[in-house]
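To start, the structure under review is shown below, and the notes come after it.
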Amino acid sequence: MKRLQYFIESQAFGVCAMLGEKLGIASSSIRLSFIYVSFLTFGSPVIIYFILAFWMNVSKHLRRERSSVWDL
């Protein structure tokens with residue numbers, strides 16, 4: 001159970017941490033509000049979460065590929 005908790009907290013997409021950095025809000029409060037909104041709206045924010053996670057993953061790979069102008 002500890003391994004699953006560690007994976008979710010450290011390796012899962014990082015959407016809440018990224019939003020917290022961009023907005024200047026603690027990521028724990030973003031996580032709590034996401035959970036509350038998910039319960040109130042029957043899970044529809046999960047779709048938005050996965051879209052943000054996909055977008056973050058794509059932009060991370062694009063930045064990794066083009067590290068320099070001179071790379072061929």
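The distance from atom CG of Leu40 to atom OG of Ser33, rounded to the nearest 0.5 Å, is 11.0 Å.
Grouping the Ile, Leu, Val, Met, Phe, Trp and Tyr side chains by contacts below 4.5 angstrom, directly or via other members, places Ile48 with Ile30. In this structure, Phe50 is a member of the same hydrophobic cluster as Met56, with clusters built from ILVMFWY side-chain heavy atoms closer than 4.5 Å. Hydrophobic clustering (ILVMFWY, side-chain heavy atoms < 4.5 Å, transitive): Ile25 and Ile35 are in distinct clusters.
Between Tyr49 and Val15, the closest heavy-atom pair is CE1-CB, 3.5 Å. The minimum heavy-atom distance between Leu19 and Leu52, with the atom names listed, is CD1-CD1, 4.4 Å. Here the closest non-hydrogen pair linking Ser27 and Cys16 is CB-O, 3.8 Å.
Around atom CD1 of Ile47, no more than 12 heavy atoms belonging to other residues, nucleotides or ligands sit under 6.0 Å away.
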